[in-house]
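Have a look at the structure below, then the notes.
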Amino acid sequence: PFNDHEILVNAQLRPQSGRIILNEPAEAYYRRALDEASNSGLAVIDEQSPRHYHHWCTHPEETEEESVTLAFGKALHCATLEPEVFQTTYAVLPADAPRDLRRFRNAAKPSAETLKAIDWWDEWEARNAGRSIVSQVSYDRALAMATSVRSLELCFKNNGADIRITVAELIDVCETEVTLRWTDEETGIQCKARADLWSQDLALAMDLKSTRDASREAFARSVHSYRYHVQHCHYADGFRVCGHPLQSFLFLPVETAMPHVPAVYYIDPPAEERGWAIRQRSMRKLQDCLKSGRWRGYTDTVTSLSLPAYAFYDTKD
C-alpha cells in the first residue's frame, strides 16, 4: 500500500509454513540459542566472528551501556505502542530522593538519617512495586518522542483509495510486538523475528527506531551501519514463510533530540537485494558452524595484513 515495488524475498522463494505468535512474552522471545537465527545474532556472527556469536549466545549478560540503551528502547516502544500501559509500567525516581542506604539496614547503630532514608526507599518501592524505574530525563524524553511519532500523518494508497492516517490511528488497527518463528528454506535453521507493528489487512509491518538524525540521507547511513536492510529481508522472509507476505516493511525513525522529528521510510529494491545477499551470507556462516561444531575467531590461518588505503596518503610527507 505504501510503495509500488514488490518485495524481492517474497517473489524469489517458495511458500512454507511458520508461526505468528501475538502474545509471546518478551523474556521467551529474547532467550538466545546457538541454533536459532535472529537478526541481532546474524549481525554478530557476520560483523564480528563465530566465536563472538557463541559467546553472545552462551553469555547473554549485557554491558552497563547496553542495559541503559535497551532500557530506554523498551520505554520508548511502550510509550509509543501502548501509552496507557506506559503510565503504569514506569515510575520516575524523584530528583530529591535520598541516597539508597538500605545496605546499612542491619548496622549496629544506624543514624537517624540512615533510618529515615531506609524508610523512604521501603515506602517508595512498595508504592511502585513491579514498575521499571527510570530517571525523569528518560521518562520525559520517551514520552515526548512517542508523542511526536504518534502524531505523524501518513499518506498512502490502498485498493486505489487515498488514505491519510496518523501513526496513532495505525497502531490502533495493528498487532504490536508480533513474534515470527519459521524454518529457513536454504539452510534449515530455525529463525525468529519480532515486529513492532503488523497489519494483516494492509500486509504491512513497521519497526520503530530512535536515531540522532532522521533525515533521508543520514538515516540511509544508519541503514547501512546497523544493517536495517538486512533486518528488512529477515523479517519479510519470516512473514512470507508464515503465510502472510508483506507489501511493505516500513522503518519509523524518531530523533532523540528536541523537537524529536519522526520520519517513515521503506528500503528500495537495490538496498533490499543487497540486504538479502548479506542475510543469506550470515545464515550460511551459522550453518557451517552448526554442522562443524567449530566457532572460530577472525582467522585460523596465518594471514597477510595490508594497511588501509588512507595510510598511503599521509599529508605530513
Does [atom1] belonging to [X] count more than 12 external heavy atoms closer than 6.0 Å?
X	atom1	answer
E123	CD	no
R31	CZ	no
E113	CD	no
D300	CG	yes
R127	CZ	yes
R19	CZ	no
R212	CZ	no
K74	NZ	no

What orientation do Y298 and H52 show, parallel under 30°, tilted 30 to 60°, or perpendicular over 60°?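 Rings of Y298 and H52: tilted, 30 to 60°.
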Report the relative orientation of the aromatic rings in W120 and W124; use parallel for angles under 30°, tilted for 30 to 60°, perpendicular for over 60°.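 Taking W124 first and then W120, their aromatic rings lie parallel (interplane angle under 30°).
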Taking the side chain as every heavy atom from C-beta outward, state whether [X] and [Y] have any atom pair closer than 4.5 Å.
X	Y	result
R281	D46	yes
L81	I171	yes
V149	L252	yes
F239	L180	yes
E82	T89	no
E255	D213	yes
W295	L290	yes
L202	L170	yes

Determine whether [X] and [Y] fall in the same hydrophobic cluster, where Ile, Leu, Val, Met, Phe, Trp and Tyr are linked whenever their side-chain heavy atoms lie under 4.5 Å apart.
X	Y	answer
I278	L286	no
Y226	V44	no
L250	I165	yes
Y139	I133	no
Y228	V230	no

Derivation and outcome, salt bridge (charged side-chain N to carboxylate O under 4.0 Å, His left out), residues D237 and R279: CA-CA 10 Å; D237 191 47; R279 191 260 185 180; 3.6 Å; yes
Looking only at atom types and distance, does a side-chain atom of H54 sit under 3.5 Å from a main-chain N or O of P50, one as donor and one as acceptor? no
Return yes if some donor-acceptor pair links the side-chain N/O of R51 with the main-chain N/O of Q48 below 3.5 Å, else return no.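 Between the backbone of Q48 and the side chain of R51 there is no qualifying donor-acceptor contact (under 3.5 Å).
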Taking it one step at a time, do R105 and D122 satisfy salt bridge (charged side-chain N to carboxylate O under 4.0 Å, His left out)? CA-CA 11 Å; R105 187 189 302 274; D122 285 347; 2.8 Å; yes
Nearest-0.5 Å distance that lies between atom [atom1] in [X] and atom [atom2] in [Y]:
X	Y	atom1	atom2	answer
I20	C242	CD1	SG	5.0 Å
H232	N39	NE2	CG	12.0 Å
I118	L101	CD1	CG	6.5 Å
R221	R216	CZ	CZ	12.5 Å

Are the aromatic ring centres of [X] and [Y] under 6.0 angstrom apart?
X	Y	value
Y265	F219	yes
Y90	F86	yes
Y235	F249	yes
W182	H234	yes

Shared-cluster residues of Y30, by chain and number - hydrophobic side chains joined below 4.5 Å: Y29
Audit row: E177, H77, side chain to side chain contact (heavy atoms under 4.5 Å, CB included) steps and yes/no: CA-CA 9 Å; E177 303 291 359; H77 277 69; 4.1 Å; yes
Side chain to side chain contact (heavy atoms under 4.5 Å, CB included) for F251 and Y266? Distances and angles first, verdict last. CA-CA 6 Å; F251 287 105; Y266 66 87; over 6 Å; no
Side-chain donor-acceptor pair under 3.5 Å between [X] and [Y], yes or no?
X	Y	answer
S222	S225	no
S282	R227	yes
H229	E272	no
K209	Q231	yes

Please lay out, stage by stage, how R141 and L143 fare under the test side chain to side chain contact (heavy atoms under 4.5 Å, CB included). CA-CA 5 Å; R141 179 179 294 161; L143 200 56; over 6 Å; no
Under the criterion side chain to side chain donor-acceptor pair (under 3.5 Å), I'd like the reasoning laid out for T114 against R102: C-alpha separation, chi angles, the key distance, then a yes or no. CA-CA 8 Å; T114 297; R102 286 174 292 179; over 6 Å; no
Can you name the one residue among V167, L152, L208, T80 that meets side chain to side chain contact (heavy atoms under 4.5 Å, CB included) with V254? L208
Which residue pairs pass the side-chain hydrogen bond (donor to acceptor under 3.5 Å, both in side chains) test when at least one of the two sits in residues 160-173, sequence neighbours left out? E153-R164, K157-D162, T166-E169
Assess whether side chain to side chain contact (heavy atoms under 4.5 Å, CB included) is satisfied between R150 and T147, documenting all intermediate values. CA-CA 5 Å; R150 289 176 61 83; T147 300; over 6 Å; no
All heavy atoms of R296 vs all of T299, minimum pair found to be NH1-CA, 3.8 Å
Shortest non-hydrogen pair, S148 vs P262, comes out as OG-CD, 3.3 Å
Could I get the full list of salt bridge (charged side-chain N to carboxylate O under 4.0 Å, His left out) partners for R181, not counting sequence neighbours?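 If we apply the salt bridge (charged side-chain N to carboxylate O under 4.0 Å, His left out) test to R181, skipping adjacent residues, the hits are E24, E36.
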Ion pair check, K116 and D119, cut-off under 4.0 Å: no
Does R131 come within less than 4.0 Å of E125, counting only side-chain N to carboxylate O? no
Yes or no on salt bridge (charged side-chain N to carboxylate O under 4.0 Å, His left out) for R294 and D288, after CA distance, side-chain angles and deciding distance? CA-CA 8 Å; R294 296 178 64 246; D288 289 343; over 6 Å; no
Would D201 and S199 count as a side chain to side chain donor-acceptor pair (under 3.5 Å) if you check the C-alpha gap in whole Å, the side-chain angles of each, and the deciding distance to 0.1 Å? CA-CA 5 Å; D201 293 337; S199 169; 5.3 Å; no
